[in-house]
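Structure first, commentary second.
Start at 1 and go down the list; that is how both ligands and their atoms are numbered. Remember, predicted model here, so these are calculated numbers, not experimental data. Sequence positions, counted from 1, serve as the residue numbers for this chain.
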Amino acid sequence: MAMLTLGILGSGSGSNMQAILDAIQSGKLHARIALVLSDNPDGYILERAKNHGIPAELIDCSPHKTKFAEEIQKETADKLKRAGVDLVCLAGFMRLVKNPLLDAFPARILNIHPSLLPAFPGIEAWKQAIAAGASETGVTVHVVDSGMDTGPMIVQKSVPIDPSDTPQSLHERIQIVEHQLYPEAITTYAQRLEL
Ligand code: GAR
C-alpha cells in the first residue's frame, strides 16, 4: 500500500490525533499527517501537533460559535488539497462538515464518535448514555456524510457502562478504545479504497 497522506481536523485536546501519530511511529499505520487544522485557538491539538513538527493551523470560524461557514469550508478544503491530503480524519471536530468540503473529499472524510451510533449522536455522547441509563455504549468510526454523526459505518466497538461510572470515568474508558480503534479503522478503510 502506498503511503497515505492524512489531514486532521479537531477542536479539543487531540488525544486521537496523538493515537494516530503513535500508530504511524510504531509502524502500525503506513501514513503521514500532513496538516492539522483546528477551529479552537485554546484546544491543545494545535500545540500538540506543532510539538511533533506537524504543520498546524487555526481555522478562524469566528464570530460563529458552532457554524462552519461555506467560505471557511472552502478555505479548509483548499488547505487540505494543497497539503496533498488523501484522507481527512475528524478527531473531536465539533462543527458540521458540509459542502464544499464534503464535495472536495467525496467518501474521503472519516469521523470518530464516542457511542454506538445511531445511538447518542451529537455532543458529549458519554453523558447522554449515562443519562439514558444504558448498560453499554462504545465507539464508532464512520464515513462522514452531510448529517450529524451519520454516514456509513467502518467499525464499532462496545464499552460497558458500570453503575458507578461518572461521565469522566466513562469518557476515559471510551477514549482508550478510541485510541486503538481509529488507527485500525483508517488502515481498513484505506485498504478498502486502495488509497
Ligand atoms: C473524542 O472522544 C471524540 O470521540 C469526540 O470528542 C473527543 C475528542 O477528544 N468527538 C465527538 O464527540 C464528535 N461528535 P480528543 O481531542 O482528545 O481526540
Q | Within 6.0 Å of CD in Glu136, more than 12 heavy atoms from elsewhere | A | yes

Q: Flag this pair as yes if the NZ/CZ of Lys127 is under 6.0 angstrom from the six-membered ring centre of Phe120 and inside a 45 degree cone about the axis; otherwise no.
A: no

Q. Between Arg95 (side chain) and Lys67 (backbone), is there a donor-acceptor pair under 3.5 Å?
A. yes

(Q) List the protein residues in contact with ligand 1, where contact means a heavy-atom separation under 4.0 angstrom. (A) Gly12, Ser13, Gly14, Ser15, Asn16, Gly92, Met94, Ile112, His113, Pro114, Gly122, Asp149, His171, Gln175, Glu178

Q.
Please check if the number of heavy atoms outside Gln168 that lie under 6.0 Å from its CD is greater than 12.
A. no

(Q) Checking Gln180 against Glu184: is there a side-chain donor and acceptor pair closer than 3.5 Å? (A) yes

Q: Determine whether the side chains of Gln175 and Glu172 contain a donor N or O and an acceptor N or O closer than 3.5 Å.
A: no

